[in-house]
Asker: 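There's a structure below that I have some questions on.
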Amino acid sequence: MFSTQAIERLDQQAIEVPSWAYGNSGTRFKVFAQAGVPRDPYEKLADAAQVHALTGLAPSVALHIPWDEVDDFARLVDHAESLGLRIGTINSNTFQDDIYKLGSLAHADADVRQAAIDHHLRCIEVMHATGSTDLKIWLADGTNYPGQDDMRARQDRLAESLATIYERLADDQRLVLEYKFFEPAFYHTDVPDWGTSYTHCVELGERAVVCLDTGHHAPGTNIEFIVTQLLRLGRLGAFDFNSRFYADDDLMVGAADPFQLFRIMHEVNRGGGFEAGSDVVFMLDQCHNIEAKIPGQIRSVLNVQEMTARALLIDQDALADAQGRGDVLGANEVFMDAFYTDVRTALADRREARGLPRDPIAAYAASGYQAEIERARVGGTQAGWGA
Ligand code: AOS
Ligand code: MN
């Protein structure tokens, strides 16, 4: 079914899983605890290792600081390596401290800005200790009411704070700036869209790139166009994959709109994002509030793989030919033919050929791992949004 090049790309596909997906999570109404949830980053990595062992798709794990602070990061790295994993992106957190009520890097008070900068410098230390090359910044900064603060001054303060952080990065480290158009601030956010993130990145320098979280756009936004534009500009640093029906809710990627994921993956392919040497990081940013966490992560990486596989099936020559001739319906048919192709059996065959289970979800259920962690992880404090 697949070309040799498509098989190569699928075999090399790597999706980064977030440590926080394995901890308890919920909404502002309720966090439902689950049995067997990790108590610390070591146990989170053990769970992430299951996802990789069963799918071959998830070799790295993103950490969130301070949730994943440990006394000895060298030990955590050894633990990751012993599980066949590596530490990926380091995510900063300036949204849970009282001092950040009115913002962090854009705050009017220089002391608060400095505290937020210092937190990022701590994240850079963690990057050095773990070999991580990406510092991902998502800011809760913004305002709730018109006139609440000076939007223009906030941009200037943000630019200055980001520059101070950027200067401290090593030559092989990147600053990855995420955008979000609302929440927790409801009137304006300081990095609301890809254009604002891009503008700050260009001002900072070549190692500043944009993170596109698929849940962070207004309904109806053509996200694949943003993917194309950022790849064209050389500034698409990372994805935070998830899906949403209404607002940002971190549901499983590919659950709400598989066709959108297919269109995104086509633009990634078209823009060189799967080529050797591409440094686009394909990360998940999800929470499994009501479903089981490890199978939820397995389902998610498989969804990304499936839509990637379908996108790689597009007959590029036929598409270019139809586009060149102005054949509107013909071009659309070539595109849709690939989308409507069921690749699940072919991917199961490929997994089998690589020594992986044909059905990773069934293999997880049969493995006994869930019963084992539910038995063993008794006592202690379960990981959640606070840790
Ligand atoms: C928040 O909306 C963002 O998506 C961030 O990426 C955040 O750091 C992450 O969701 C963990 O809460
Ligand atoms: Mn995100």
Side-chain angles (χ1 to χ4, degrees), residues 18-21 23-32 62 64-67 89 91-108 112-113 116 119-120 136-151 154-155 157-158 161-162 176-200 210-223 226 230 237-253 255-257 260 264 283-290 300 384-386:
S19 69
W20 53 98
N24 284 326
S25 58
T27 65
R28 66 198 171 91
F29 299 101
K30 171 74 178 159
V31 171
F32 293 103
H64 219 296
I65 303 297
W67 299 340
T89 306
N91 291 254
S92 64
N93 181 333
T94 56
F95 50 88
Q96 285 189 312
D97 203 295
D98 284 341
I99 57 168
Y100 299 133
K101 185 168 86 170
L102 300 179
S104 62
L105 295 180
H107 200 286
V112 177
R113 292 202 299 282
H119 168 67
H120 285 89
K136 181 146 73 67
I137 305 181
W138 168 70
L139 299 169
D141 291 46
T143 61
N144 273 1
Y145 297 101
Q148 179 190 322
D149 196 7
D150 180 345
M151 289 196 287
R154 290 181 74 93
Q155 282 301 301
R157 299 193 290 255
L158 173 62
S161 301
L162 287 172
V176 188
L177 186 59
E178 184 172 350
Y179 60 91
K180 182 175 186 179
F181 75 119
F182 90 113
E183 201 208 22
F186 295 122
Y187 166 56
H188 103 280
T189 67
D190 291 307
V191 190
D193 50 30
W194 74 269
T196 305
S197 176
Y198 174 78
T199 306
H200 281 287
V210 177
C211 171
L212 185 158
D213 183 313
T214 47
H216 290 187
H217 305 86
T221 301
N222 182 336
I223 298 177
I226 302 172
L230 287 173
F239 283 98
D240 264 7
F241 279 126
N242 49 48
S243 54
R244 46 163 281 176
F245 287 95
Y246 301 102
D248 179 43
D249 46 25
D250 294 342
L251 299 181
M252 292 188 297
V253 58
D257 189 349
Q260 180 186 64
I264 289 174
M283 218 191 81
L284 305 182
D285 179 12
Q286 300 184 173
C287 296
H288 305 289
N289 299 350
I290 55 168
S300 305
W385 282 347

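Quick caveat, the model's predicted, so the values are computed rather than measured. Scope of the values below: all heavy atoms of this structure, side chains included, with no hydrogens, waters or symmetry mates.
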Asker: Backbone N or O of Phe29 within a donor-acceptor pair of the Thr27 side chain at under 3.5 Å?
Answerer: yes
Asker: Measure the spacing between CD1 of Ile137 and CG of Asn91 and express it to the nearest 0.5 Å.
Answerer: 10.0 Å
Asker: Roughly how far, to the nearest 0.5 Å, is the CZ atom of Phe186 from the CG atom of Asn144?
Answerer: 6.5 Å
Asker: Indicate the atoms forming the closest heavy-atom contact of Pro219 with Tyr246, along with that distance.
Answerer: CG-O, 4.4 Å
Asker: So, using ring pair (Phe, Tyr, Trp, His ring centres under 6.0 Å) as the criterion, who are the partners of Phe239 when residues are at least two apart?
Answerer: Phe241, Phe282
Asker: Please tell me if the side chains of Met151 and Tyr187 come closer than 4.5 Å, counting only heavy atoms from C-beta onward.
Answerer: yes
Asker: Can you list everything that forms a salt bridge (charged side-chain N to carboxylate O under 4.0 Å, His left out) with Asp240? Sequence neighbours excluded, please.
Answerer: Lys136
Asker: Measure the spacing between CG of Leu212 and OG of Ser197 and express it to the nearest 0.5 Å.
Answerer: 9.5 Å
Asker: Please confirm whether the backbone N or O of Asp190 pairs with a side-chain atom of Gln155, one donor and one acceptor, at under 3.5 Å?
Answerer: yes
Asker: So which heavy atom on Leu284 is nearest to which on Ser300, and how close?
Answerer: CD1-CB, 3.8 Å
Asker: If we ignore angles and hydrogens, is there a donor and acceptor under 3.5 Å between the side chains of His200 and Tyr179?
Answerer: no
Asker: For Asp285, is there any backbone N or O sitting under 3.5 Å from a side-chain donor or acceptor partner on Asn242?
Answerer: yes
Asker: Side chain to side chain donor-acceptor pair (under 3.5 Å) with Asp193: which residues, sequence neighbours excluded?
Answerer: Thr196
Asker: Only counting residues at least two apart or in another chain, list the ones meeting side chain to side chain donor-acceptor pair (under 3.5 Å) with Thr89.
Answerer: Glu16
Asker: Checking Asn93 now: which residues fulfil side-chain contact (heavy atoms from CB on, under 4.5 Å) with it, not counting sequence neighbours?
Answerer: His64, Pro66, Trp67, Phe95, Gln96, His119
Asker: Which residues pass the side chain to side chain donor-acceptor pair (under 3.5 Å) test with Trp194, not counting sequence neighbours?
Answerer: none
Asker: Rounded to the nearest 0.5 Å, what's the gap from CD on Glu178 to OG on Ser92? Could you check?
Answerer: 9.5 Å
Asker: Given side chains that start at C-beta, do those of Leu230 and Tyr198 come closer than 4.5 Å, heavy atoms only?
Answerer: yes
Asker: Under the salt bridge (charged side-chain N to carboxylate O under 4.0 Å, His left out) test, which residues partner Asp149, sequence neighbours left out?
Answerer: Arg154, Arg157
Asker: Drop me the distance from Asp250's CG to Gln286's CD, to the nearest 0.5 angstrom.
Answerer: 7.5 Å
Asker: Which residues satisfy the side-chain contact (heavy atoms from CB on, under 4.5 Å) test with Ala116, sequence neighbours excluded?
Answerer: Thr94, Tyr100, Ser104, Leu105
Asker: Apply side-chain contact (heavy atoms from CB on, under 4.5 Å) to Ser243 and list each qualifying residue two or more places apart in sequence or on a separate chain.
Answerer: Leu251, Ala255, Ala256
Asker: With distance as the sole test, does Thr199 use its side chain to make a donor-acceptor pair with the main-chain N or O of Gly195 at under 3.5 Å?
Answerer: yes
Asker: List in chain and number order the residues that pass side chain to side chain donor-acceptor pair (under 3.5 Å) with Ser161, two or more places apart in sequence or in another chain; answer none if no residue qualifies.
Answerer: none
Asker: Would you name the heavy atoms of Ser25 and Val31 that are closest together and state the gap between them?
Answerer: O-CG1, 3.6 Å
Asker: Could you list the residues that satisfy side-chain contact (heavy atoms from CB on, under 4.5 Å) with Leu102, not counting sequence neighbours?
Answerer: His107, Gln148
Asker: Looking at every non-hydrogen atom in both residues, tell me the closest pair between Thr189 and Ala185 and how far apart they are.
Answerer: CG2-O, 3.9 Å
Asker: Over all heavy atoms of both residues, which pair between His216 and Phe181 is shortest? Give the atoms and the distance, please.
Answerer: O-CD2, 3.6 Å
Asker: Give me the atom names and distance for the closest heavy-atom approach of Ala238 to Val176.
Answerer: CB-CG1, 4.1 Å
Asker: Which one of Asp248, Asp141, Asp213 satisfies the salt bridge (charged side-chain N to carboxylate O under 4.0 Å, His left out) criterion with Lys180?
Answerer: Asp248
Asker: What distance do His217 atom NE2 and Gln260 atom CD have between them, rounded to the nearest 0.5 Å?
Answerer: 8.5 Å
